[in-house]
Amino acid sequence: MTLQKKDAVEVFAAGEKGRGLRTTKEMQPGEVVFAEASFAAVVFDSLSMQVCHNCFRRQAYPHRCAQCKFAYYCDRTCQHAAWEEHKQECAAIRQQGKAPNESVRLAARTLWRMQRHTSKVSDGQLTTLDFLEDHISKMSPEDLKVLNGNVQKFKEYWPSKSKQFGVDYLQHIFGVINCNAYTMSDQKGLQAVGVGLFPNLCLVNHDCRPNCTVILNHGKIELRALGNISEGEELTVSYVDFLNVSKDRQQQLKRQYYFDCNCEYCAGGVKDDLMTAVKEKDGKKPSAEQVKEVTEFTTQALAKIEQARTEGNFQEVVKLCRECLEKQQSVLADTHLSLLRVLRIASEVLSYLQMFQDAANYASRLVEGYAKLYQPNSAQLGMATMRAGVIHWHAGNIEIGHGMICQAFAILMITHGPHHPITKDLESMRTQTEMELRMFKQNKAMYHSMREAALNSKPTGAGKVH
């Protein structure tokens, strides 16, 4: 049964999954199915002083609200634009003396907006928060305890002169937030900085091999087609990272979203064999004991690596990564999840330490593994390829770097679109590396000389100071 339509999508009854969205026309790769502004959104507690509470951009020196002293903005323009959303929050924070946690702040902003606009803010909104699933009946005692704790904190925070809500309704709102809120990224799309509610997006069901992806672009989320989508086909996104074996993905989805995933990839354990693959040499595989030993060693090493990263001891991180990779070398295949996790950390930290050649080698191996696991137009693959290309560029491997940057650009044109800040940055890098590659092919010695001079921040051909 079709319920409502918006642009090229319609709500329909999706069997055991409840409601879903499907297309009413064919979609091409990279096409925006729909864009949606948040119904309500807040900055994470941990980043409240570093991110604009209006546009979610990171700022080195943000402008603070002089009244509540909690909200920060890019400037007075952003502060003025946010005032309608912030004024009631501002008064509540001043009344209580401090801001509550992000879940309580999001619930309050949601209810204030519902009071201003009822539960529907535009004709394009396909559902209301009242009709979204809260899954309270499926929650564990621990999750219910947290939820009810937030309900109590909300009641303490919510102004006494405002319309009051019953416990059951507040539980519903927090349940909706718990399983429907979407993480919002900064302007570059590189770091999660907040969380928001997007009613239309909440209707898009999960699949471990989805036909769409979600990206935040200029304050709105965009649902973008990853490939060709037929008319009448259900639209899906992935709620979790594909880089886990099917059993682990199913457990995560059950724990966080309260449903059993029976998609093709989970039901058939597709790619589980690659994610747990071991090396084979001359038709022989390592013994079960060897695999167990290396797996346990990796688990312990990753815990030590995380501890060293937290402490900022990056030389120790590199040492531990190299020890782990050496241990894995003769046992784990290049698509094994444990190997890929260590390669990712090693490439990131070595790049941070400007040890670009070693970082480039690890980054290339990481992309090769990802390419065998992720779908071709995956944002994760595109971002990893971009990082690897930039690292190779910094390492002086201009041919490889330019090639990977071009590959990444092709993927991100689909997943992020031409107007996203990160795609624009990548296009500039593609132009720059193309120019450098032409120079390299014309005169390799001159290219390396100019590159060395640029790295040392001195004029080309400058000699030693006597």
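Every value quoted in this text rests on a predicted model; they were computed, and no experiment measured them. Both backbone and side-chain heavy atoms feed into the values below; hydrogens, waters and symmetry mates do not.
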Taking the inter-plane angle between the rings of Phe198 and Tyr182 on a 0 to 90° scale, is it parallel (under 30°), tilted (30 to 60°) or perpendicular (over 60°)? perpendicular

Determine, using ring centers only, whether Phe242 and Tyr265 are less than 6.0 Å apart. yes

Flag side-chain contact, heavy atom, 4.5 Å: Arg94 against Gln67: yes

With side chains defined as the heavy atoms from C-beta onward, is the minimum distance between Gln96 and Glu156 less than 4.5 Å? yes

May I ask you to say whether Glu348 pairs ionically with Arg309, meaning some side-chain N is under 4.0 Å from a carboxylate O? yes

Correct closest heavy-atom pair for Cys212 and Ala225 would be SG-CA, 4.2 Å

Heavy atoms of Asn377 and Leu226 approach each other most closely as ND2-O, 2.8 Å

Glu311, CD atom: more than 12 neighbouring heavy atoms under 6.0 Å: yes

If you count the non-hydrogen atoms of other residues, nucleotides and ligands that lie under 6.0 Å from NE2 in His218, is the total more than 12? yes

How far does SG of Cys90 sit from CD of Gln95, to the nearest 0.5 angstrom? 12.0 Å

Just checking Phe131: does its CZ atom have more than 12 heavy atoms from other residues, nucleotides or ligands closer to it than 6.0 angstrom? no

Report yes if the distance between the aromatic ring centroids of Tyr352 and Phe314 is under 6.0 Å, otherwise no. yes

Asn211 side chain vs Ile229 backbone, donor-acceptor pair below 3.5 Å: no

Can any side-chain N or O of Glu10 pair as donor or acceptor with the backbone N or O of Ala8 at less than 3.5 Å? no

Lys NZ or Arg CZ of Arg19 over Phe12 ring: under 6.0 Å, within 45°: no

Applying side-chain contact (heavy atoms from CB on, under 4.5 Å), run through Lys98 and Ile93 and close with a yes or a no. CA-CA 5 Å; Lys98 63 178 182 178; Ile93 292 172; 5.8 Å; no

Whether Tyr72 and His53 hold their rings parallel, tilted or perpendicular, with breakpoints at 30° and 60°: tilted

Intermediate values then yes/no, side chain to side chain donor-acceptor pair (under 3.5 Å), Gln171 and Asn148: CA-CA 7 Å; Gln171 286 179 328; Asn148 286 324; 2.8 Å; yes

Apply salt bridge (Lys or Arg N to Asp or Glu O under 4.0 Å) to Glu234 and list each qualifying residue two or more places apart in sequence or on a separate chain. Lys17

Could you tell me whether the side chains of Arg341 and Thr298 share a donor-acceptor contact shorter than 3.5 Å? no

Ring centres under 6.0 Å, that's the criterion: do His135 and Phe259 meet it? no

So does Ile400 get a backbone contact from the side chain of Asn397, meaning a donor-acceptor N/O pair under 3.5 Å? no

Treating Thr23 as the side-chain partner and Ser230 as the backbone partner, does any N or O pair qualify as donor plus acceptor under 3.5 Å? yes

Lys/Arg N to Asp/Glu carboxylate O, Glu89 vs Arg109, below 4.0 Å: yes

Will you find, in the side chains of Asp272 and Ser246, an N or O donor that is under 3.5 Å from an N or O acceptor? yes

Given side chains that start at C-beta, do those of His420 and Ile215 come closer than 4.5 Å, heavy atoms only? yes

Assess the pair Phe356 and Trp393: is the distance between their ring centroids shorter than 6.0 Å? no

Atom of Lys372, atom of Leu274 and distance for their closest heavy-atom approach: O-CD1, 3.7 Å

Counting N and O atoms only, with roles assigned by atom type, does the side chain of Thr431 sit under 3.5 Å from a partner on the main chain of Glu427, one being a donor and the other an acceptor? yes

I'd like to check Ile173 versus Val151 (side-chain heavy atoms, cut-off strictly below 4.5 Å). Are they in contact? no

Any donor-acceptor pair under 3.5 Å linking the side-chain atoms of Asn178 with those of Asp143? no

Can you tell me how far the CG atom of Leu216 sits from the CD1 atom of Ile221, to the nearest 0.5 Å? 8.5 Å

Quick one: do Leu21 and Val11 satisfy side-chain contact (heavy atoms from CB on, under 4.5 Å)? Show the steps, please. CA-CA 5 Å; Leu21 284 187; Val11 185; 3.6 Å; yes

Where do Glu399 and Leu437 land on the side-chain contact (heavy atoms from CB on, under 4.5 Å) test, with the steps shown first? CA-CA 6 Å; Glu399 291 177 292; Leu437 182 57; 3.4 Å; yes

May I have the step-by-step check of side-chain contact (heavy atoms from CB on, under 4.5 Å) for Gln191 and Leu47, ending in yes or no? CA-CA 11 Å; Gln191 182 186 11; Leu47 296 172; 3.9 Å; yes

Of all the heavy-atom pairs spanning Val204 and Leu223, show the shortest one and how long it is. CG2-CD2, 4.2 Å

Asp241 with Arg249: basic N within carboxylate O range, under 4.0 Å: no

Ignoring hydrogens and geometry beyond distance, is a side-chain donor-acceptor pair present between His63 and Gln79 at under 3.5 Å? yes

Quick one about Tyr257 and Asn180 (side-chain donor to acceptor, distance below 3.5 Å, no hydrogens or angles considered), yes or no? no

Side-chain heavy atoms of Phe70 within contact of Cys65, under 4.5 Å: no

Donor-acceptor pair, distance only, cut-off 3.5 Å: does the side chain of Arg105 make one with the backbone of Val42? no

Is any side-chain heavy atom of Thr276 closer than 4.5 Å to one of Leu337? no

Provide the closest heavy-atom pair for Val317 versus Ala308 in the form atom of the first, atom of the second, distance. CG2-CB, 3.6 Å

Examine distances only and state if a side-chain atom of Thr385 and a backbone atom of Met404 form a donor-acceptor pair shorter than 3.5 Å. no

Judged by atom type as modelled, is there a donor-acceptor pair below 3.5 Å linking the side chain of Arg58 to the main-chain atoms of Gln50? no

Test side chain to side chain donor-acceptor pair (under 3.5 Å) applied to Ser347 and Arg365, step by step: CA-CA 10 Å; Ser347 65; Arg365 290 175 60 189; over 6 Å; no

Is a side-chain N or O of Glu36 found less than 3.5 angstrom from the main chain of Asn200, in a donor-acceptor match? yes

Does a side chain donor of either Asp260 or Gln250 reach within less than 3.5 Å of an acceptor in the other side chain? no

Looking at every non-hydrogen atom in both residues, tell me the closest pair between Leu147 and Gly175 and how far apart they are. CD1-N, 3.7 Å

Within this structure, what is the CG-CZ distance for the pair Leu129 and Arg113, rounded to the nearest 0.5 Å? 10.0 Å

Test: Glu84 and Arg116 ion pair at under 4.0 Å: yes

Whether the Asn228 and Glu26 side chains hold a donor-acceptor pair (N or O, under 3.5 Å, no angle test) is what I'd like checked. no

Output yes when a side-chain donor or acceptor of Ser364 lies under 3.5 Å from a complementary backbone atom of Asn361, and no otherwise. no

Can you tell whether the side chains of Glu264 and Arg209 come within less than 4.0 Å, N to carboxylate O? no

Over 12 non-hydrogen atoms of neighbours within 6.0 angstrom of CE in Met49: no

Within-4.5 Å side-chain heavy-atom neighbours: Pro418 and Lys424: no

Donor-acceptor side-chain pairing of Asp134 and His172 below 3.5 angstrom: yes

Close side-chain approach of Arg387 to Ser351, heavy-atom, < 4.5 Å: no

